[in-house]
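Let me begin by presenting the structure, written as structure tokens, before commenting on it.
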Amino acid sequence: MALYVHKYGGTSVGTVERIKYVADKINQARKQGDDIVVVVSAMSGETDRLLGLAREMQRQPNPRELDVLLSTGEQVTIALLCMALEAEGCPASSYTGAQARILTDAAHTKARILDIDTSRVRRDLEQGKVVVVAGFQGVNEEGDITTLGRGGSDTTAVALAAALKADECRIYTDVDGVYTTDPRVEPKARRLDRITFEEMLEMASLGSKVLQIRAVEFAGKYNVPLRVLSTFDDGPGTLITYEEEEMEQALISGIAFNRDEAKLTVEGVPDHPGIAASILGPIADANIEVDMIVQNVAENDTTDFTFTVHRNDYARALEILQGVCRDLGANQVTGDDHIVKVSMVGVGMRSHAGIASKMFRALAEEGINIRMISTSEIKVSVVLDEKYLELAVRTLHETFGLDTPPGA
Ligand code: ADP
Ligand code: ASP
Ligand code: MG
């Protein structure tokens, strides 16, 4: 008998009808003789709605209280799903993160899972029940409710699958697998049968929200077989795998993009040792994460220093830099929060030169100006004006032969 962890995202449990549909799907799987642990998200839009309510109370709500609030979304769906299962004659029990003993650190709103005590879950499974666990939440040592960051239900599912040594962790969602790029932006995107952990991790960290980054990290670390598939259509989905020597590696596996970017430049900084530290130090002290960094070659003993941050942190970063600019005797601070990052990812890039230049040429031919560039062994990222996002993604998708062949 196999043990599967199923995870259903917000759209999959977005209405009463859908919850009933998911219950039916789980019941069918159980009738095949498998043990099933289910992780669910809040109903679609619910987490955003709760966040909106919080912001009406306080500009920057207390993270501990925010977690108490946000975790209620998932508590609703676990109860409703269990009722729907029971109505079908399928015995089921719901568990909040705390009840399922998902122990996390104390970093409210972005907590990490430290340990899961699976004894209660196992006992229920032995009694033939379906176990339904609230995604996205846990409990810290103090007994306070924590949440795992947006998209965190994926991580709950993978962590449970690791702790239970499940045969597979199945992430059911509103697309039938991982595509060469977000199919909402490029309808010609192709579903991938397989993608390596390394590539999936890169895609997730560069903005593909189909899986939370931590879920992929966790699956890679604990060897959890992970598959993304559709809640509503049958099909094999996409398997996340290890790189196999004999596997012919595609040059480019996918194109990821991130709309949540903003960039800041300190112009005319005196060029002497310690400059990067004195600019980025205060940014780090304010807990603002920095992504790309570029320092220009000095001219007349001054230089320009540019970096990108999450759009939500733009205003704060700008304010901090005004102070830094005065202290350093730099000329001025400029910024732009209408930029995006588009990245091409592929392990096949390792053994091929010229990918970046082909990418830059394709963008140039469309008149798209590149503002920043960053590369690693398996990715090339460019920062562009927001208005070019769709055009850039589609152009690159075609240039690198990722489009669905006509008639397929
Ligand atoms: P869920 O609510 O089920 O967790 P998400 O909205 O978090 O679903 O993730 C699924 C969405 O991810 C898809 O609807 C799709 O728009 C988006 N997405 C982004 N990049 C990709 C990709 N490369 N392949 C498939 N889906 C992608
Ligand atoms: N409900 C949470 C969110 O919207 C967690 C999740 O869906 O994975 O981010
Ligand atoms: Mg998600």
Side-chain angles (χ1 to χ4, degrees), residues 6-15 18 22 38-52 66-67 69-78 97 109-111 133-138 146-159 169-195 199-216 227-233 235 237-238 240 252-260 342-346 389-390 393 396-397 402 404:
H6 288 197
K7 180 258 174 179
Y8 295 91
T11 359
S12 307
V13 293
T15 62
R18 287 190 173 174
V22 164
V38 184
V39 173
V40 279
S41 293
M43 294 169 84
S44 56
E46 179 63 6
T47 309
D48 287 332
R49 188 183 73 86
L50 294 169
L51 266 174
L66 204 50
D67 279 352
L69 180 71
L70 296 187
S71 63
T72 62
E74 273 72 11
Q75 193 167 335
V76 169
T77 40
I78 53 169
T109 75
K110 45 174 185 275
V133 180
F136 174 58
Q137 57 179 267
T146 55
T147 64
L148 311 178
R150 298 309 302 267
S153 299
D154 296 336
T155 304
T156 306
V158 173
C169 180
R170 299 191 166 167
I171 307 289
Y172 287 99
T173 183
D174 56 3
V175 274
D176 64 351
V178 178
Y179 276 66
T180 46
T181 193
D182 189 339
R184 288 179 211 276
V185 166
E186 173 51 281
K188 290 185 201 144
R190 256 187 310 117
R191 182 181 59 80
L192 301 164
D193 283 326
R194 295 160 160 259
I195 184 168
E199 288 169 319
M200 194 61 239
L201 199 59
E202 201 72 42
M203 291 276 282
S205 68
L206 293 168
S208 292
K209 293 188 175 113
V210 60
L211 282 176
Q212 202 201 30
I213 307 170
R214 284 186 186 171
V216 187
R227 193 185 290 274
V228 176
L229 55 187
S230 163
T231 304
F232 309 105
D233 302 311
T238 300
I240 325 294
I252 307 295
S253 296
I255 300 171
F257 54 83
N258 190 346
R259 301 178 198 264
D260 302 326
V342 175
S343 310
M344 295 200 312
V345 174
L389 175 77
E390 280 80 9
V393 169
L396 296 174
H397 203 268
L402 298 175
T404 314

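Whatever order the structure lists ligands and atoms in, that order sets their numbers, starting from 1.
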Which value, rounded to the nearest 0.5 Å, describes the distance between [X] atom [atom1] and [Y] atom [atom2]?
X: L206; Y: I213; atom1: CG; atom2: CD1; result: 8.5 Å
X: S253; Y: M203; atom1: OG; atom2: CE; result: 7.5 Å
X: D174; Y: Y8; atom1: CG; atom2: OH; result: 14.0 Å
X: L396; Y: M344; atom1: CG; atom2: CE; result: 6.0 Å
X: L402; Y: T180; atom1: CG; atom2: OG1; result: 5.5 Å
X: S41; Y: E46; atom1: OG; atom2: CD; result: 12.0 Å

Charged N to carboxylate O under 4.0 angstrom, D260 versus K209?
-> yes
Would you check if there is a donor-acceptor pair between the side chains of T147 and D67 at a distance under 3.5 Å?
-> yes
Part of T181 with heavy atoms under 4.0 Å of ligand 1, whether side chain, backbone, both or neither |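 Looking at T181 and ligand 1, just backbone atoms fall under 4.0 Å.
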All salt bridge (Lys or Arg N to Asp or Glu O under 4.0 Å) counterparts of E186, not counting sequence neighbours | none
Of all residues at least two apart in sequence or in a different chain, which pass the salt bridge (Lys or Arg N to Asp or Glu O under 4.0 Å) check with R190?
-> none
Considering heavy atoms of the protein only, find what lies nearest to [atom] and give residue, atom and distance to 0.1 Å.
atom: atom 27 (C) of ligand 1; value: V210 CB, 3.7 Å
atom: atom 8 (O) of ligand 1; value: T173 OG1, 3.1 Å
atom: atom 25 (C) of ligand 1; value: G177 O, 3.4 Å
atom: atom 2 (O) of ligand 1; value: G10 N, 3.2 Å
atom: atom 14 (O) of ligand 1; value: R184 NH2, 2.5 Å
atom: atom 7 (O) of ligand 2; value: S41 OG, 3.0 Å
atom: atom 11 (C) of ligand 1; value: D174 OD1, 3.9 Å
atom: atom 4 (O) of ligand 1; value: K7 NZ, 3.0 Å
atom: atom 15 (C) of ligand 1; value: D182 OD1, 3.4 Å

For V178, the ligand 1 atoms whose distance to one of its heavy atoms is below 4.0 Å |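 Here the atoms of ligand 1 in question are 24 (N).
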Near Y179, which atoms of ligand 1 are under 4.0 Å from a heavy atom of that residue?
->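 Answer, ordered by atom number: 22 (C), 23 (N), 24 (N), 25 (C).
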Judged by non-hydrogen atoms, does G73 sit under 4.0 Å from ligand 2?
-> no
Would you check whether G135 reaches within less than 4.0 Å of ligand 2, judged by its heavy atoms?
->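 For ligand 2, residue contact (heavy atoms, under 4.0 Å) with G135 is absent.
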Atom 6 (O) of ligand 1 protein-contacted (non-hydrogen atom, under 4.0 angstrom) =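 There is no protein heavy atom less than 4.0 Å from atom 6 (O) of ligand 1.
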How far apart are the closest heavy atoms of T181 and F257, and which atoms are they?
-> OG1-CE2, 3.9 Å
Judging by distance only, is a nitrogen or oxygen of [X] under 3.5 angstrom from one on ligand 2?
X: K7; result: no
X: E74; result: yes
X: G149; result: no

Okay, side chain of R214, backbone of G152: is any donor-acceptor separation there less than 3.5 Å?
->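 Checked: no pair found.
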Where ligand 2 meets R150 - atom numbers and elements under 4.0 angstrom, heavy-atom basis =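 Counting from 1, the qualifying ligand atoms are 3 (C), 4 (O), 9 (O).
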